[in-house]
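Before any comments, here is the structure.
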Amino acid sequence: MRKAVIAGNWKMNKTVSESVELISDLKSLIADVIDVEIVVAPPFLAIYHVAQEVKGLNIHVSAQDVFWEEEGAYTGAVSSKMLSDVGCEYVIIGHSERRQYFGETDETVNKKIQSSLQHGLTPIFCVGETLQQREAGETFSIIETQVRRGLSGLSASDMEDVIIAYEPVWAIGTGRTATGEQAEEVHSFIRKLLKEIYKDTADSIRILYGGSVKPDNIDGLMTKPNIDGALVGGASLKADDFARIVKYQR
Ligand code: PEP
């Protein structure tokens, strides 16, 4: 039985004080939920402050990116070691916005996943096809390449600590959600691929769906057998909406 994960990606939104306000509102709405792993990913500057607010609760803190080296002359970068030090437990890696705007590649994604695991962070590894790729019938080959390259060199025991997020690029921030059937088709493809590589461990790897998840579509998505949770962007910035997503219909 895989425990569901609902993760909120705040992206480049919220100052420190706004982040603290949002997490305070959220705490009061979802503090009683214990059967879902709840994760929030504020901007770097707010991580420490949000982590202080949720200490001891079933709300965990994630970063939205990380650099793979531990320390050194890498101006502007933040390492896994630094994130762990401030109470961060997860890190989103390979988000399509990082791939699109910051030159992230499957190779850099792989280095970041390896580094995060070495420092005890749980990577939330994102994959997804663009609309053009979907329309050209390339969805499965793109996903397979991203999964194989992103996870290159990882053992089955490493995979026990990895979460995968399938996020079709055409559904992110567009209001256009994949249907439950479209998402499940890709999730079950990823599960089969993981089975081929990692055998039985594949059954315990959580695969989240991301792309315009809202209070009104989460219930349907969560009925699908290979959808183990959601990575939520826009709707995670509204406490009521995110709380409703966390409290999806069981
Ligand atoms: C995301 O940023 O990971 C995401 C899925 O965004 P949204 O929910 O806004 O589509």
Side-chain angles (χ1 to χ4, degrees), residues 2-3 5 7 9 11 37 39-44 47-48 51 60-129 141-167 169 186-187 189-208 210 228-229 231:
R2 297 181 292 267
K3 186 171 188 182
V5 180
N9 176 10
K11 309 195 186 190
E37 218 164 288
V39 180
V40 294
F44 280 133
I47 287 178
Y48 170 78
H60 305 272
V61 181
S62 174
Q64 301 171 16
D65 183 40
V66 68
F67 188 58
W68 56 84
E69 295 290 350
E70 197 166 287
E71 58 191 23
Y74 304 102
T75 302
V78 173
S79 71
S80 300
K81 184 179 158 189
M82 292 168 176
L83 291 172
S84 298
D85 182 53
V86 292
C88 181
E89 297 174 272
Y90 297 68
V91 55
I92 298 170
I93 295 177
H95 190 282
S96 64
E97 288 153 14
R98 301 288 322 168
R99 294 179 191 256
Q100 185 181 352
Y101 302 122
F102 301 97
E104 193 82 87
T105 65
D106 294 331
E107 289 65 37
T108 58
V109 164
N110 178 252
K111 288 187 188 185
K112 291 178 178 188
I113 294 175
Q114 307 240 22
S115 157
S116 62
L117 288 169
Q118 275 159 21
H119 291 88
L121 293 176
T122 299
I124 302 175
F125 162 43
C126 303
V127 297
E129 81 288 0
S141 64
I142 292 291
I143 299 296
E144 176 162 0
T145 302
Q146 290 177 345
V147 169
R148 285 191 188 277
R149 291 192 180 156
L151 299 178
S152 173
L154 269 72
S155 66
S157 82
D158 290 332
M159 287 307 292
E160 287 168 10
D161 299 316
V162 174
I163 296 172
I164 295 178
Y166 168 57
E167 298 208 303
V169 179
V186 179
H187 282 231
F189 172 79
I190 295 172
R191 180 94 51 213
K192 264 190 222 128
L193 186 57
L194 295 173
K195 246 194 149 112
E196 190 190 311
I197 311 171
Y198 299 109
K199 314 292 180 243
D200 288 350
T201 304
D203 293 326
S204 58
I205 300 171
R206 274 88 56 87
I207 308 174
L208 316 185
D228 306 313
L231 180 52

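Scope of the values below: all heavy atoms of this structure, side chains included, with no hydrogens, waters or symmetry mates.
Formation of a donor-acceptor pair under 3.5 Å by the Tyr74 side chain with backbone atoms of Trp68 is not found in this model. Between the side chain of Glu160 and the backbone N or O of Thr201 there is no donor-acceptor pair closer than 3.5 Å. A donor-acceptor distance shorter than 3.5 angstrom exists from the side chain of Gln64 to the backbone of Ala41, with no hydrogens or angles considered. At least one donor-acceptor pair under 3.5 Å links the side chain of Arg191 to the backbone N or O of Ala202. Not one N or O on the side chain of Ser62 forms a donor-acceptor pair closer than 3.5 Å with the backbone of Val39.
The existence of a salt bridge linking Lys3 and Asp228 is excluded, since no basic side-chain nitrogen approaches an acidic carboxylate oxygen closer than 4.0 Å.
Considering all non-hydrogen atoms of both residues, Gly153 and Asp158 come closest at O-OD2, 4.3 Å. Closest approach of Ser96 and Val169 over heavy atoms only: CB-CG2, 3.7 Å. The minimum heavy-atom distance between Ile93 and Pro123, with the atom names listed, is CD1-CB, 3.9 Å. Minimum interatomic distance between Val86 and Ala51 (heavy atoms only, all atoms of both residues): O-CB, 3.5 Å. Between Leu231 and Ile92 the shortest heavy-atom distance is CD1-CD1, 4.1 Å. Residues Val66 and Ser80 come closest through the heavy atom pair CG2-N, 3.3 Å.
The OG1 atom of Thr122 sits 7.5 Å away from atom CG of Leu117, with the distance rounded to the nearest 0.5 Å. With rounding to the nearest 0.5 angstrom, the CD atom of Glu107 is 8.5 Å from the OG atom of Ser152. Taking CD1 from Ile190 and CD from Gln146, the interatomic distance works out to 9.0 Å, rounded to the nearest 0.5 Å. To the nearest 0.5 Å, atom CE of residue Met82 and atom CZ of residue Phe67 are 11.0 Å apart. One finds the CD1 atom of Ile197 at 12.5 Å from the OG atom of Ser155 (value rounded to the nearest 0.5 Å). For the atom pair CE of Met159 and CD1 of Ile205, the computed distance is 3.5 Å after rounding to the nearest 0.5 Å.
Contact check for Gln114 versus Leu154: side-chain heavy atoms found under the 4.5 Å cut-off. The side-chain heavy atoms of Leu151 and Leu194, taken from C-beta on, include a pair separated by under 4.5 Å. The closest side-chain heavy-atom distance from Ile124 to Val5 is not below 4.5 Å. Residues Glu97 and Glu167 form no side-chain contact, since every pair of their non-hydrogen atoms from C-beta on lies 4.5 Å or further apart. A heavy-atom distance below 4.5 Å is not found between the side chains of Lys112 and Phe125. Residues Asp65 and Val78 have side chains not in contact (no heavy-atom distance under 4.5 Å, counting atoms from C-beta outward). Counting only heavy atoms from C-beta outward, the side chains of Asn110 and Arg149 never approach each other to under 4.5 Å. Contact annotation: the side chain of His119 approaches that of Glu70 to within less than 4.5 Å [non-hydrogen atoms, C-beta and beyond].
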### Task
Mind running side chain to side chain donor-acceptor pair (under 3.5 Å) on Thr108 and Glu104 for me, showing each step along the way?
CA-CA 6 Å; Thr108 58; Glu104 193 82 87; 2.6 Å; yes
### Task
Give the intermediate values and the outcome of salt bridge (Lys or Arg N to Asp or Glu O under 4.0 Å) for residues Asp106 and Arg99.
CA-CA 9 Å; Asp106 294 331; Arg99 294 179 191 256; 2.7 Å; yes
### Lys195 and Asp203: CA distance, side-chain angles, deciding distance, salt bridge (Lys or Arg N to Asp or Glu O under 4.0 Å) verdict
CA-CA 8 Å; Lys195 246 194 149 112; Asp203 293 326; 2.7 Å; yes
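No more than 12 heavy atoms of other residues, nucleotides or ligands lie within 6.0 Å of OH in Tyr48, so this atom counts as exposed by the packing criterion.
Below 30°, between 30° and 60°, or above 60°: for His60 and Tyr90 the angle between ring planes is between 30° and 60°, a tilted geometry.
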